[in-house]
Amino acid sequence: MPQTAELTFQRDGETLLGYAAWPDGRGPFAAIVLIPDVRGLHEHYRDITRRFAQEGFLTLAVDLYSREGPPVLPDMAAAFKWMRELPDPRVLADLDAAVEFLARRSDVRVDAIGITGFCMGGQYALMAACTVSQLAACVSWYGMLRYTQKDDRAKPASPLDLAPQLACPYLGLFGADDGLIPQVDVDELRAILQRREKTFEIKSYTGAGHAFFNDSRADAFRPDAAADAWTRALAFFRRHLR
């Protein structure tokens, strides 16, 4: 079993929270920053953090709501409103601080830090791979790609806007039947990355919708797609964080 701990790290004098898991031994280990979905750092993502650690990666799941606590989201309308108002610059700066925190640890290989995220976290994983230094690989799970509205404070640029700046190898995992991420957006992402000659892979699963990896949600979980995606994610991280 991996070792685990509740951790804190700093950004501009603020204390941010996270949950970490790491393999037995001294390391140094390849490391992964993990970003949960809109509902925050609940048990499903703690479990995934431990799963990555069992596979040999020191993994830090970041609590994006360290300041205000997790939001109350009674329905999808509330979730979408929350995401629209969550300031991207704050989130990306927090993720940069998490990468810096890992890079300073003696049990982490500074040249082997990746990032992964799910749903809203998958969106931010791609955005971080375009804007945060020191990342060596990104695996994004059904991360939304396009903003219907942008503004200078909270949403200055969508993931598709930032995609030309991708600075590390990227694996995008999508459900072909995802009502939140039209395939036209996935196709546009693929075209952008091809034009810019980026190192990337994109996989869309027929018969899978949003959150197909979430085995705590019987309505969304698709075991075959989830198993294949997990195998691909591990292989991708092992290849690029070797």
Side-chain angles (χ1 to χ4, degrees), residues 16-19 32-49 52 59-99 114-132 135 138-151 153-163 166 170-175 178-182 185-186 189 208-217 219-221 226 229 233:
L16 306 179
L17 309 177
Y19 173 78
I32 298 170
V33 173
L34 186 148
I35 317 166
D37 67 28
V38 65
R39 298 186 185 278
L41 184 50
H42 52 78
E43 179 53 33
H44 174 62
Y45 295 107
R46 292 169 181 267
D47 179 53
I48 295 174
T49 300
F52 274 119
T59 306
L60 171 64
V62 178
D63 183 355
L64 296 182
Y65 308 138
S66 299
R67 301 164 181 82
E68 62 272 275
V72 177
L73 304 172
D75 52 35
M76 287 303 297
F80 284 127
K81 182 176 184 296
W82 177 267
M83 287 189 287
R84 283 195 303 271
E85 295 176 355
L86 186 63
D88 287 356
R90 186 190 91 172
V91 172
L92 293 171
D94 287 354
L95 296 175
D96 183 65
V99 172
I115 195 161
T116 194
F118 302 78
C119 184
M120 186 187 79
Q123 166 192 303
Y124 283 124
L126 172 57
M127 296 174 79
C130 300
T131 60
V132 172
L135 288 173
C138 171
V139 177
S140 173
W141 307 71
Y142 33 87
M144 289 77 76
L145 298 171
R146 187 186 303 275
Y147 291 159
T148 56
Q149 295 178 316
K150 289 182 278 187
D151 66 81
R153 184 192 69 84
K155 304 294 175 195
S158 73
L160 285 174
D161 294 330
L162 295 177
L166 181 68
Y170 164 81
L171 171 61
L173 300 165
F174 298 95
D178 191 331
L180 300 182
I181 308 172
D185 289 359
V186 178
L189 175 63
H210 200 70
F212 66 80
F213 189 74
N214 192 334
D215 54 8
S216 69
R217 287 184 51 189
D219 62 320
F221 182 52

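A quick note: this is a predicted structure, and the numbers were derived from the prediction, not measured. One-based numbering along the sequence shown.
- In this structure Tyr147 satisfies the ring pair (Phe, Tyr, Trp, His ring centres under 6.0 Å) test with no other residue, sequence neighbours excluded.
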Could you go step by step and tell me if Tyr45 and Ile35 meet the side-chain contact (heavy atoms from CB on, under 4.5 Å) rule?
CA-CA 8 Å; Tyr45 295 107; Ile35 317 166; over 6 Å; no
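- Annotation: side chain to side chain donor-acceptor pair (under 3.5 Å) contacts of Asp47 (sequence neighbours excluded): Arg51.
- Contact record, Met144 with Pro159: O-CG, 3.5 Å, taken as the closest heavy-atom pair.
- In this pair, Phe118 and His44 present their aromatic rings perpendicular. The plane angle is above 60°, beyond the 30 to 60° band.
- Using modelled atom types, one side-chain atom of Lys155 and one backbone atom of Met83 make a donor-acceptor pair closer than 3.5 Å.
- Side chain of Thr116 to main chain of Val139: a donor-acceptor pair is present (N/O by atom type, distance under 3.5 Å, no hydrogens or angles).
- The number of heavy atoms from other shown groups lying within 6.0 Å of CD (Gln149) does not exceed 12.
- Residues satisfying the salt bridge (charged side-chain N to carboxylate O under 4.0 Å, His left out) criterion with Arg67, sequence neighbours excluded, are Glu14, Asp94.
- Separation of atoms CG (Leu180) and CZ (Arg146) is listed at 14.0 Å; rounding is to 0.5 Å.
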Does the side-chain contact (heavy atoms from CB on, under 4.5 Å) test come out yes or no for Phe174 and Asp185, once each step is laid out?
CA-CA 11 Å; Phe174 298 95; Asp185 289 359; over 6 Å; no
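- Closest non-hydrogen pair, Ala211 versus Arg217, comes out as CB-NH1, 3.7 Å.
- Remark: Thr131 OG1 to Leu166 CG distance equals 10.5 Å, nearest 0.5 Å.
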Let me see the working for Val91 and Met127 under side-chain contact (heavy atoms from CB on, under 4.5 Å), right down to the final yes or no.
CA-CA 10 Å; Val91 172; Met127 296 174 79; over 6 Å; no
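- Considering Val99, Leu95, Val33 as possible partners of Leu135, the one that fulfils the side chain to side chain contact (heavy atoms under 4.5 Å, CB included) test is Val99.
- Ring geometry for Trp82 against Tyr65 counts as perpendicular: the plane angle is over 60°, on a 0 to 90° scale with 30° as the lower cut.
- Closest of all the heavy-atom pairs between Ala125 and Gly117 is CB-N, 3.8 Å.
- Ring orientation note: the planes of Phe212 and Trp141 are tilted relative to one another, at an angle of 30° to 60°.
- Distance check: Cys119 SG to Asp37 CG gives 5.5 Å after rounding to the nearest 0.5 Å.
- Nearest heavy-atom pair across Pro74 and Val72 is CD-O, 3.5 Å.
- Nearest approach of Ala157 to Lys150, heavy atoms of both residues: CA-CD, 4.1 Å.
- In this structure the side chain of Tyr124 never reaches within 4.5 angstrom of the side chain of Val62, judged on heavy atoms.
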Before giving the answer on side-chain contact (heavy atoms from CB on, under 4.5 Å), spell out for Asp63 and Leu16 the whole-Å C-alpha distance, their side-chain angles and the decisive distance to 0.1 Å.
CA-CA 7 Å; Asp63 183 355; Leu16 306 179; over 6 Å; no
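- Here the shortest heavy-atom pairing between Thr49 and Ala61 reads OG1-CB, 3.3 Å.
- With rounding to the nearest 0.5 Å, the separation of CZ in Arg46 from OG1 in Thr59 is 13.5 Å.
- Taking OG of Ser140 as the reference point, atom CG of Leu171 lies at 8.5 Å (rounded to 0.5 Å).
- You'll find the side chain of Ile48 reaches within 4.5 Å of the side chain of Phe213, heavy atoms only.
- Rounded to the nearest 0.5 angstrom, Phe52 CZ and Ile32 CD1 are separated by 4.5 Å.
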